[in-house]
Asker: 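Before I ask anything, let me first share the structure, which is written out below as structure tokens.
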Amino acid sequence: MTDPSSRHDHDVPLDSSMESPMPKPGGIADRARARRGDFAYLDGLNPEQRRAVEALEGPVLVLAGAGTGKTRVLTTRIAHILATGRARAHEILAVTFTNKAAREMKERVAALVGPVAEGMPWLGTFHAISTKILRRHAELVGLQSTFTILDTDDQIRLLKQVLQAANIDEKRWPARSLSYQIDAWKNRGLDPAHVPPGEAAAFANGRGADLYAHYQERLKTLNAADFGDLLLESLRLLRDNPDVLRLYQDRFRYMLVDEYQDTNSVQYLWLRLLAQGRHNVCCVGDDDQSIYGWRGADVDNILRFETDFPGATIIRLERNYRSTGHILGTAARLIAHNDGRLGKTLFTDDAPGLKPAVTGVWDSEEEARSIGEEIEQLQRQGEGLDEIAILVRASFQMREFEERFITLGLPYRVIGGPRFYERAEIRDALAYLRCVAQPADDLAFERIFNVPKRGLGDATLQLLYDAARRERIPLMQMAAIMVETEELKPKQRQTLRSLLEDFNRWRSLIEAKPQGELAEMILEESGYTDMWQKDRTAEAAGRLENLKELVRSMEEFPDLGSFLEHISLVMDAENQAGGPRVSIMTLHAAKGLEFETVFLPGWEEGLFPHQRSLDESGRAGLEEERRLAYVGITRAKRRLHLYFATNRRIHGLWQTTIPSRFLDELPAENVEVREAASGTAYGGYAQSRFANMDSYGSSYSTPGWQRAQRHQESKQRGSSGQTGGGQEAFKQKNARRGPLQIEGELVAKSSAGSSFAQGARVFHSKFGPGTVAAIDGNKVTVDFDKAGRKMVLESFLQAG
DNA sequence: CATTCGAGCTTTTTT
DNA sequence: AGCTCGAATG
């Protein structure tokens, strides 16, 4: 975590007066205390959980099924390590996958052992912890410790530039796909030099690895790292610097890893490297809940644990404390359709409870209406809205529910929607701050260069950009040089100069002013706030509100740097407080949560399992979708409702859909098939709904719709084949034309020493031929034949 | 240089 | 269908 308060104190042992002498672990005193009840937190654990907490030495794998008390084991384990004095707070490494999980763990540890946990500087996400390590030793991997963390948006903009520079057709090879590719490589721990040749060839006629290398070069120039780099560079750091590695191996006496099934290769390598020190690593996970394969998560990591860590203790947690018997039975039968599981059998002593209901509806509108009514009914029964969740496969499904709930006046919250910092106005504001904090941040500068509009357009930017690249210096630095020459039109030059002066002034205030005030000042003086105030559109007011919120939240941080770090790594859509609300979120976002009542809409072929998953990953994709379904079902404590619609609008057009194959995989004895609760004013609906139910009912016994499904699959193949043919043709057409080359575009022209002498004849693309009158560094004064005497940059001149 | 209009593309999931 | 990006126009 990037807890600002812990930034400075983590190396320093806590005040020694607070430390009791270390008791000998497992010694007489230890056992006596246990007897006396000092370890009260151990009470109430079942035998397996207790084993998992107490098996502190050596590698441990805890296979924790859904709802078996995984988080409790982890937090109690930390408490136990602290309470027995085996390690102090800053000697424990605890990694989670999401910020939410990290936050929760911190809170729960604090509840167990008190404020000592506040000082757990090494509890956080993989990304946050690697960043922390990376910042301390940044120079060892070619960065400065103030490096910027680029988000996806920045990453794609940068890749666009790389593609442009390489003269690659962006229509044919979109920056987005390259970014996926590079991410995938990074997730696997591959730097440009180690990309398998076959894969490198797959992008842009074999230039994939090359582009990757260029991109990395640009990142270093910008003093920036993308998400993937945080891990990859941190791994490289540890790998290439044994002394640094030793430092952290020694420091982390105990390591804990949450959601181990979701770790990808870099994370795995990173962990393994660190764990080779003291071997006290405890991984908790559930192979049945591995749902991040698309992001490079490798289930094999968990399946391989015993091989990787010989002598590992393996503990299974199979007693479920969350769900009723019917719900558990439903989940168990579904997941049994997957191969390659480690195999766990969840059980509960709980009553069977209500049967999960499967409801067919006509379309997504009726689905929303029906769920809305169901919720209102629950509400009347006194069920809290906080205990109700709607979990969707894809975020576009959310909108329908939002609309419905707004008309109903039903309070809801969307979790994991568009993030606060992804909003345009926030990104703009951040870009200003980044320019101030980090003059080398070209991407930020480019973003606000002409925002608000100040008459600096593409032409000016292009000029600046070309020159900067030729000289290999940051844009802002180049701008500072260019305003002294006559390359730019007077108007632009003046505007740019005053912008740079503004930045210098703001920069000089970093130390003097609290960052909140500074930000306010910047937004004011740059005219950015004005821009939105003048804007009469509906969103403008909200944007100003957001900016205010940004400034306000900045004040909680000790300095600008830690704020910027927080925002790029941690800040998520803050859950607005205020009254209980129904939660709407994706299934992915729901992992780790639980609710009394869960609605799972959209169980239709193509949507769930998602077509893309099937197309891209075949059987493995299907299994991952099934695990996702399993995650969804096991979120429910008491009531579970599944829905499928016969018609759904996808990409704007209505499509008739088939119930998800997963529905057929549920055990008939645990599930109740229902008609939509929603009464509808349209007579036609009831009839269609009935027909719909009919076809669903039959699917339990006859594989009727599976034929239809095969049909659909073959259609899919047909269409994707066509696409492939089209691409092939395109490729050939392009190949005939041959790649265009821009001469010397990427070759660094030495900026040292001028290649022109006084009196030399030169040519400038804008001012024409002329004679060199004087030289000052890379600025050259030229008497142009037509344009008169001008001062220009050397790099704009050719020998004439 | 800014605005407007049209084409094309997207829509899985996230640090 | 809605949006983003790019080209054409003022």
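Here is how names work: the chains are called A, B, and so on, in the same order as the sequence lines, proteins then strands, and each is numbered from 1.
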Asker: I need the NZ-P distance between A:Lys491 and B:dC1, as an integer number of Å.
Answerer: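 Atom NZ in A:Lys491 sits about 8 Å away from atom P in B:dC1.
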
Asker: Take the protein atom CG of A:Asp262 and the nucleotide atom P of B:dT15, then report the distance between them rounded to whole Å.
Answerer: 12 Å

Asker: Could you check whether A:Tyr412 and A:Glu402, counting side-chain N and O atoms only, form a donor-acceptor pair closer than 3.5 Å?
Answerer: yes

Asker: Give one of base, sugar-phosphate or nothing for A:Gln397, where a contact means two heavy atoms less than 4.0 Å apart.
Answerer: nothing

Asker: If you define the side chain from C-beta out and look only at heavy atoms, does anything of A:Leu159 sit under 4.5 Å from A:Tyr212?
Answerer: no

Asker: Output the rounded distance in Å from CD1 (A:Ile567) to P (B:dT15).
Answerer: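 Rounded to whole Å, this separation is 14 Å.
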
Asker: Does A:Lys591 make a cation-pi contact with A:Phe97, if we ask for NZ or CZ under 6.0 Å from the ring centre and within 45° of the axis?
Answerer: yes

Asker: Sequence neighbours left out, cut at 3.5 Å: what donor-acceptor pairs do the side chains of residues 453-460 of chain A make with other protein atoms?
Answerer:
from, atom 1, to, atom 2, distance (Å)
A:Arg454, NH1, A:Ile448, O, 2.8
A:Arg454, NH1, A:Phe449, O, 2.7
A:Arg454, NH2, A:Tyr432, OH, 2.8

Asker: Using the ring of A:Tyr215 (Phe, Tyr or Trp, six-membered ring only), decide whether A:Arg218 places NZ or CZ under 6.0 Å from its centre and within 45 degrees of its axis.
Answerer: no

Asker: Please enumerate all residues that pass side-chain contact (heavy atoms from CB on, under 4.5 Å) together with A:Tyr180, with sequence neighbours excluded.
Answerer: A:Arg176

Asker: Output the rounded distance in Å from CD (A:Gln655) to C1' (C:dA1).
Answerer: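 Checked: the CD to C1' distance equals 13 Å.
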
Asker: State whether A:Phe662 and A:Arg626 meet the cation-pi test: NZ (Lys) or CZ (Arg) under 6.0 Å from the six-membered ring centroid, and within 45° of the perpendicular axis.
Answerer: no

Asker: Using the C1' atom as the reference point in each nucleotide, state the distance between B:dT12 and C:dC5 in Å, no decimals.
Answerer: 23 Å

Asker: Nearest whole angstrom, please: distance from the P of B:dT15 to the CD of A:Gln155.
Answerer: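 Rounding to the nearest Å, CD of A:Gln155 and P of B:dT15 are 15 Å apart.
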
Asker: Please list, for nucleotides 8-12 of chain B, all pairs of protein and nucleotide N/O atoms separated by less than 3.5 Å.
Answerer:
from, atom 1, to, atom 2, distance (Å)
B:dT12, OP1, A:Arg612, NH1, 2.0
B:dT12, OP2, A:Arg612, NH1, 3.1
B:dT12, O2, A:Arg393, NH1, 2.6
B:dT12, O2, A:Arg393, NH2, 2.0

Asker: Between A:Ile156 (CD1) and C:dT4 (C1'), how many Å, whole number?
Answerer: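 It is 12 Å, rounded to the nearest whole Å.
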
Asker: 5'-most contact on DNA chain B: A:Gln492 or A:Thr586, nearest heavy atom basis?
Answerer: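 That would be A:Gln492.
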
Asker: Calculate the interatomic distance between A:Phe449 atom CZ and B:dA2 atom P; express it in whole Å.
Answerer: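 To the nearest whole Å, that distance equals 10 Å.
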
Asker: Give one of base, sugar-phosphate or nothing for A:Asn450, where a contact means two heavy atoms less than 4.0 Å apart.
Answerer: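 If one applies the 4.0 Å heavy-atom cut-off, A:Asn450 turns out to touch the sugar-phosphate alone, with no base involved.
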
Asker: Which sits closer to the 5' end of DNA chain B, A:Asp458 or A:Ala589, going by the nucleotide each is nearest to?
Answerer: A:Asp458

Asker: Indicate, with a heavy-atom threshold strictly under 4.0 Å, whether A:Phe97 touches base, sugar-phosphate, or nothing.
Answerer: sugar-phosphate

Asker: I need the CZ-P distance between A:Arg399 and C:dA1, as an integer number of Å.
Answerer: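 Spelled out: CZ on A:Arg399 to P on C:dA1 is 13 Å.
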
